[in-house]
Amino acid sequence: MTETQLEVSFDDPQRLHDLLGEHDKNIKAVEKALDVRIGLGDRSLLIAGDEIQSEIAERVLTQLYGLLERDYPVYASDVDYAVRILSRDRSAKLGDIFLDSIYITAHKRVVTPKSVAQKSYIDAIRNHDVVFGIGPAGTGKTYLAMAMAVAEVVRGNYARMILARPAVEAGEKLGFLPGDLAEKVNPYLRPLYDALHDMVDFDKAQKMLERGIIEVAPLAFMRGRTLNNSFVILDEAQNTTSEQMKMFLTRLGYGSKAVITGDVTQIDLPSGRVSGLKEARKILADIADIVFCEFDERDVVRHRLVRDIITAYDRAQEEKERAAAESGDD
């Protein structure tokens, strides 16, 4: 291992203090993630460690400082995202990603991409009418799509947004739930309502729902409709059948946009049924104006342990498939 030492200088003491974080927690996070040592000099930071890791640390600190200069508030989570982004691609520009403001939520939080894949996903949604976001839970597929949809409807670019989900049982039977059909289906749609209310205050969301500007519905309710001038999101698409996926995609009318999200590792369809999402990825791959955006565990923006959990399950699945292949060879 080649040991190196780098010194990074900064002009503004206050911004340098903000970069360090409370009790130097941001610097400690960089040290732990990249296995380097960082000392504080006179308006500078001294980085020591492996040559490549030290260079990444320098880029992380310099670019985060650049964000502070542009009045972007750097949180502890941003430090984690920055390390991940620049570890994967040292030529990446954090400003191009973190400063791409999509929407300001009801709680005054700015929704922005937090990874290269998320940035590519947002750009794809802006520039194409049909976009698939495929990857594990926690990668922001649905949340970013909803932020885009709300922003576009608020700007008047679309007359309404429609959020749909297949009502597929994941170990619990729909028929045993209490209430009428609407009450039985509501638990399947709850995550969409939760995300919606995170972006739009409750009263405003209720008015938009009452006026039909926002519609949250089971996928089955889309049958027979033509969706014009609408921003449509299909969530949990891995649980659609082939017929349901085709039905949904052919609902798209003039002036509309569709985003389809799902995780092909969490399919709850009955055994023997083909996932409409997995099939669509094969059938539609050659259509130029349909974009498939792939996410993996490195794009997870939840608790860091979620990333480790996904990786562990993926590794177990690979070992299971390898063992099955070897037993088949025998």
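The distance from atom CD1 of Ile122 to atom CG of Asp100, rounded to the nearest 0.5 Å, is 7.0 Å. Note that the OG1 atom of Thr265 and the NZ atom of Lys278 stand 9.5 Å from one another [nearest 0.5 Å]. If you take CG on Leu86 and CD on Gln63, they are separated by 5.0 Å, rounding to the nearest 0.5 Å. Rounding to the nearest 0.5 angstrom, the gap separating the CG atom in Leu94 from the CZ atom in Arg70 is 11.0 Å. Once rounded to the nearest 0.5 Å, the distance linking CG of Leu234 with CG of Leu277 reads 8.5 Å. Taken to the nearest 0.5 Å, the CE atom of Met245 stands 6.0 Å off from the CD1 atom of Ile260.
Across all non-hydrogen atoms, the minimal contact from Gly95 to Leu67 is CA-CD2, 3.8 Å. Closest of all the heavy-atom pairs between Ile85 and Ala92 is CG2-CB, 3.7 Å. Annotation for Val83 and Ala33: closest pair CG1-CB, 3.8 Å, computed over non-hydrogen atoms. Contact record, Glu7 with Leu46: CG-CD2, 3.4 Å, taken as the closest heavy-atom pair. Gly133 and Phe295 make their closest contact through CA-CE1, 4.2 Å (heavy atoms, listed as atom of the first residue, atom of the second, distance).
The backbone N or O of Asp35 sits nowhere less than 3.5 Å from a side-chain atom of Gln53 that would complete a donor-acceptor pair. Between the Ser256 side chain and the Leu227 main chain, a donor and an acceptor come within less than 3.5 Å of each other. Arg251 contributes a side-chain N or O that, together with a main-chain N or O of Arg225, makes up a donor-acceptor pair within less than 3.5 Å. Looking at Lys257, its side chain never comes within 3.5 Å of a backbone N or O of Val130 through a donor-acceptor pair. Of the possible polar contacts, none joining the Asn239 side chain to the Pro166 backbone as a donor-acceptor pair under 3.5 Å is found. Between the side chain of Asp235 and the main chain of Arg165, no donor-acceptor pair closer than 3.5 Å is present. In this structure, the side chain of Lys141 does not engage the main chain of Gln118 through any donor-acceptor pair within 3.5 Å. Judged by distance alone, the side chain of Arg160 and the main-chain N or O of Asn229 form no donor-acceptor pair under 3.5 Å. The closest donor-acceptor contact from the side chain of Thr250 to the backbone of Met247 lies under 3.5 Å. No donor-acceptor distance shorter than 3.5 angstrom exists from the side chain of Thr139 to the backbone of Gly135, with no hydrogens or angles considered.
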- Message: Could you go through Ile27 and Leu61, starting from their C-alpha distance and side-chain angles, then the distance that decides it, and tell me whether this counts as side chain to side chain contact (heavy atoms under 4.5 Å, CB included)?
- Response: CA-CA 8 Å; Ile27 299 304; Leu61 296 170; 3.6 Å; yes
Using the rule given for side-chain hydrogen bond (donor to acceptor under 3.5 Å, both in side chains), can you reason through Tyr75 versus Asn26, listing the C-alpha separation, both sets of side-chain angles and the distance that settles it, and then say yes or no?
CA-CA 8 Å; Tyr75 297 103; Asn26 292 346; over 6 Å; no
Please test Thr261 against Thr142 for side-chain hydrogen bond (donor to acceptor under 3.5 Å, both in side chains), starting from the C-alpha separation and ending with a verdict. CA-CA 6 Å; Thr261 68; Thr142 303; 3.1 Å; yes
Would Arg126 and Met148 count as a side chain to side chain contact (heavy atoms under 4.5 Å, CB included) here? Give the steps.
CA-CA 8 Å; Arg126 287 189 177 117; Met148 287 287 290; 3.5 Å; yes
Pair Phe231-Ile125, side chain to side chain contact (heavy atoms under 4.5 Å, CB included): steps then yes or no
CA-CA 10 Å; Phe231 195 123; Ile125 294 173; 3.8 Å; yes
Run the numbers on Ser275 and Leu269 for side chain to side chain contact (heavy atoms under 4.5 Å, CB included), then give the verdict. CA-CA 7 Å; Ser275 166; Leu269 291 169; 4.3 Å; yes
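For the pair Glu31 and Arg37, the salt-bridge criterion is not met [side-chain N within less than 4.0 Å of a carboxylate O]. Comment: Arg315 does not engage Glu319 in a salt bridge, judged by the lack of any side-chain N to carboxylate O separation of less than 4.0 angstrom. A salt bridge is absent between Arg15 and Asp18; no separation between the charged side-chain nitrogens and carboxylate oxygens falls under 4.0 Å. Salt-bridge annotation for Arg281 and Glu294: present, with a side-chain N of the basic residue lying under 4.0 Å from a carboxylate O of the acidic one. One finds no salt bridge joining Lys93 and Asp96 here, because no Lys/Arg side-chain nitrogen approaches an Asp/Glu carboxylate oxygen to under 4.0 Å.
Among Lys119, Arg88, Arg84, the single residue meeting the salt bridge (Lys or Arg N to Asp or Glu O under 4.0 Å) criterion with Asp299 is Arg88.
Between Asn127 and Val291 the shortest side-chain heavy-atom distance does not fall below 4.5 Å. Residues Leu64 and Val79 meet the side-chain proximity criterion, which asks for heavy atoms closer than 4.5 Å. Contact annotation: the side chain of Leu196 approaches that of Met146 to within less than 4.5 Å [non-hydrogen atoms, C-beta and beyond]. Contact annotation: the side chain of Lys28 never approaches that of Lys32 to less than 4.5 Å [non-hydrogen atoms, C-beta and beyond]. Within the 4.5 Å cutoff, the side chain of Leu144 has heavy atoms near those of the Tyr121 side chain. Leu45 is listed as a side-chain neighbour of Leu16, based on a closest heavy-atom distance under 4.5 Å. With contacts defined as side-chain heavy-atom distances shorter than 4.5 Å, the pair Ile162/Ile233 does not qualify. Using a 4.5 Å heavy-atom threshold, the side chains of Ile56 and Arg90 count as touching.
In the model, Asp203 has no side-chain atom that pairs as donor or acceptor with a side-chain atom of Gln206 under 3.5 Å. Inspection of the Tyr65 and Asp12 side chains reveals no N or O donor paired with an N or O acceptor under 3.5 Å.
Side-chain heavy atoms closer than 4.5 Å link hydrophobic residues (I, L, V, M, F, W, Y) into clusters, and following such links, even through other members, never connects Met222 to Tyr254. The hydrophobic cluster containing Val60 also contains Leu40, counting ILVMFWY residues as joined when their side-chain heavy atoms lie under 4.5 angstrom apart, directly or transitively. Taking hydrophobic clusters as Ile, Leu, Val, Met, Phe, Trp and Tyr residues chained together by side-chain heavy-atom distances below 4.5 Å, Ile47 shares a cluster with Ile52. Cluster annotation: Ile134 and Ile283 are assigned to the same hydrophobic cluster (Ile/Leu/Val/Met/Phe/Trp/Tyr, side-chain heavy-atom contacts under 4.5 Å, transitive). Val264 and Phe292 fall within a single hydrophobic cluster, where Ile, Leu, Val, Met, Phe, Trp and Tyr side chains are chained together by heavy-atom contacts under 4.5 Å.
Seen from the ring of Phe98, Lys114 counts as a face-on cation partner, given the 6.0 Å and 45° thresholds.
Within a 6.0 Å radius of CG in Asp89, more than 12 heavy atoms belonging to other residues, nucleotides or ligands are found. More than 12 heavy-atom neighbours from other residues, nucleotides or ligands sit within 6.0 angstrom of CG on Asp194. When the shell of 6.0 Å around CD of Gln5 is examined, it contains 12 or fewer heavy atoms from other residues, nucleotides or ligands.
Using the six-membered ring where Trp is involved, His197 and Phe202 have ring planes that are tilted, between 30° and 60° apart.
Ile104 shares a hydrophobic cluster with Val110; the chain of contacts runs through ILVMFWY side chains whose heavy atoms sit under 4.5 Å apart.
Under the side chain to side chain contact (heavy atoms under 4.5 Å, CB included) criterion, Ala151 pairs with Tyr103, Arg155, not counting sequence neighbours. Residues passing the side-chain hydrogen bond (donor to acceptor under 3.5 Å, both in side chains) test with Ser9: none are found, sequence neighbours excluded.
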